[in-house]
2 protein chains.
Amino acid sequence: MGRWQPDARGRLARAALELYVERGFDRTSVAEIAERAGLTERTFFRHYADKREVLFAGSSELQDVLARAVAGAPESAAPMDAVAVALEAAAGVLEERQEHARQRQSVIDANTELQERELIKLASLSGTLADALCERGVDEASAGLAAEVGIAVFKFAFRRWVDRAEDKELSLFIRESLAGLRAVTADA
Amino acid sequence: MGRWQPDARGRLARAALELYVERGFDRTSVAEIAERAGLTERTFFRHYADKREVLFAGSSELQDVLARAVAGAPESAAPMDAVAVALEAAAGVLEERQEHARQRQSVIDANTELQERELIKLASLSGTLADALCERGVDEASAGLAAEVGIAVFKFAFRRWVDRAEDKELSLFIRESLAGLRAVTADA
DNA sequence: CGTTTGATGACAGTCACTGACATCGCTCGG
DNA sequence: CCGAGCGATGTCAGTGACTGTCATCAAACG
């Protein structure tokens, strides 16, 4: 049992999720997470900025996926269409780990601090989308709006997907929600 | 200097904002806020759940305004129109304290934890909007989407309003943003 | 004037998070 | 094969947010 077991970061993330599920986020101390991972509290904070961040490390991957999808959308695509493409790409990533996503979400739903962190991560994704749209030559105002609204749609679709036991695909909910968006904004 | 100076809550809020502006949020301790208000740290936490909440106490007022505005919108108004009415009503509240709003926002913009709190307050406003729409008989899906998107538009408009020195009205930015939303979602 | 009630003070305790320094295991040039 | 260097970890002390508990004080009430 050397000091150097592999994948300390991953062990911490798994230990944290397990404990958050078993006993709840605020009944879990960082010392306990570290202990289960065979490490010390100090080392936890070398891998994750804080006790919440351990649940959100994957968010940077989503950022890459969104940025690449927007950049790769056909030139002819309107801003909102590029956003739609990106959201479906992100959906693909989440669908690969459906069970993990559901478990993680149930932990987040049970704790306000975690919800706050989730929201700022989503806001950061919105910023990524906006930047990627600007790269396509979309004016800043339209880019910002399309990104903000796109993330709003994603939140809405993701919620519906997570809340249902059926295994209807997330991308389906996203298409439905985009259609709903057009319906709701059209009539006036 | 009796123990019973009036408006302890208000004194704490003012002291907190002053200190957050002077020295920044994380360089300010709760003990310092309490001292400036002539109270103790323990008493601060009796009035505000945490160090951040002192900047967001007014959010419940916005909730009332939004709910009432949606309820009071003409029966003929489509969901998104009712949302528009509500957003302008909220804008009115903020415009009464433009200077306070700008100062407060500069503090929030300088600190991530405060941004997180702001986002969850906005999400809560979105929930309020959705509930109010449901009360009007709007189906839950449309209500949720309209609310979510409405708040996205509000965030966008508010940001533009705060960032400009000119005293163009917030409600103007909201109307512009709603128009932008329709433009961005229309072509497809 | 005594009692009650609600707000405050005082104090100890937990835990998230940080800085500083020691230690360990691996790698690489010799 | 060996020692230097380096990156990851351990150890420890400290700060500050937040909580529970009990004492205390000012005002309202009978």
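By convention in this document, chain letters (A, B, ...) are assigned in the order of the sequence lines, proteins followed by strands, and residues within each chain are numbered from 1.
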What integer distance in Å separates A:F45:CZ from D:dA8:P?
19 Å
Give a yes or no on whether a donor-acceptor pair under 3.5 Å exists between the nucleobase atoms of C:dG9, that is its base, and the side chain of B:R46.
yes
Kindly say if A:H47 contacts the phosphate of D:dA8, meaning a side-chain N or O under 4.0 Å from OP1 or OP2.
no
Identify which nucleotide among C:dC17, D:dT19, D:dC18 has an atom closest to any side-chain atom of A:D50, counting heavy atoms from C-beta outward.
C:dC17
Counting only side-chain nitrogens and oxygens, does B:S29 get under 4.0 Å of the OP1 or OP2 atom of D:dG16?
no
Over 60° means perpendicular and under 30° means parallel, so tell me whether A:F154 and A:F158 are parallel, tilted or perpendicular.
parallel
Rounded to whole Å, how long is the line connecting atom CG of B:L12 with atom C1' of D:dC18?
15 Å
Euclidean distance, atom CD of residue B:E41 to atom P of C:dA10 [Å, nearest integer]
12 Å
Pi-cation contact, B:F173 with B:R159 (under 6.0 Å, within 45°):
no
Between B:K51 and B:E113, is a side chain to side chain contact (heavy atoms under 4.5 Å, CB included) present by the stated rule, with each step listed?
CA-CA 10 Å; B:K51 193 185 164 190; B:E113 300 175 52; over 6 Å; no
Strand-adjacent residues in residues 105-116 of chain B, judged by heavy atoms under 4.0 Å from DNA chain D:
none
Qualifying residue, where the test is salt bridge (Lys or Arg N to Asp or Glu O under 4.0 Å) with A:E18 and the options are A:R11, A:R36, A:R104, A:R23:
A:R36
Classify A:A8 by what it touches in the nucleic acid, base, sugar-phosphate, or nothing, heavy-atom distance under 4.0 Å.
sugar-phosphate
Within this structure, what is the CG-to-P distance between A:L39 and C:dC24, rounded to whole angstrom?
17 Å
Check the distance between C:dT14's P and A:E32's CD and give it to me in whole angstrom.
14 Å
The side chain of A:T43 is closest to which nucleotide in this list: D:dT9, C:dA16, D:dA17?
D:dT9
Walk me through whether B:W161 and B:Q105 qualify under side chain to side chain contact (heavy atoms under 4.5 Å, CB included).
CA-CA 11 Å; B:W161 178 65; B:Q105 199 61 34; over 6 Å; no
Separation of atom CD in B:Q5 from atom P in C:dG9, rounded to whole Å:
11 Å
Just compare D:dA17, D:dG20, C:dA16 and give me whichever is closest to any side-chain atom of B:R42.
D:dG20
Can you measure A:F44 atom CZ to C:dC17 atom P for me and round it to whole angstrom units?
8 Å
Linking I/L/V/M/F/W/Y whenever their side-chain heavy atoms sit closer than 4.5 Å, directly or via other members, would B:V153 and B:L122 fall into one cluster?
yes
How many whole angstroms separate atom CD of A:E35 from atom P of C:dC15?
13 Å
Phosphate contact (D:dG10 OP1 or OP2) by A:T40 side-chain N/O below 4.0 Å:
yes
Might you work through the side chain to side chain contact (heavy atoms under 4.5 Å, CB included) test for B:M80 and B:R182, ending with a clear yes or no?
CA-CA 11 Å; B:M80 207 59 207; B:R182 294 210 159 93; 4.0 Å; yes
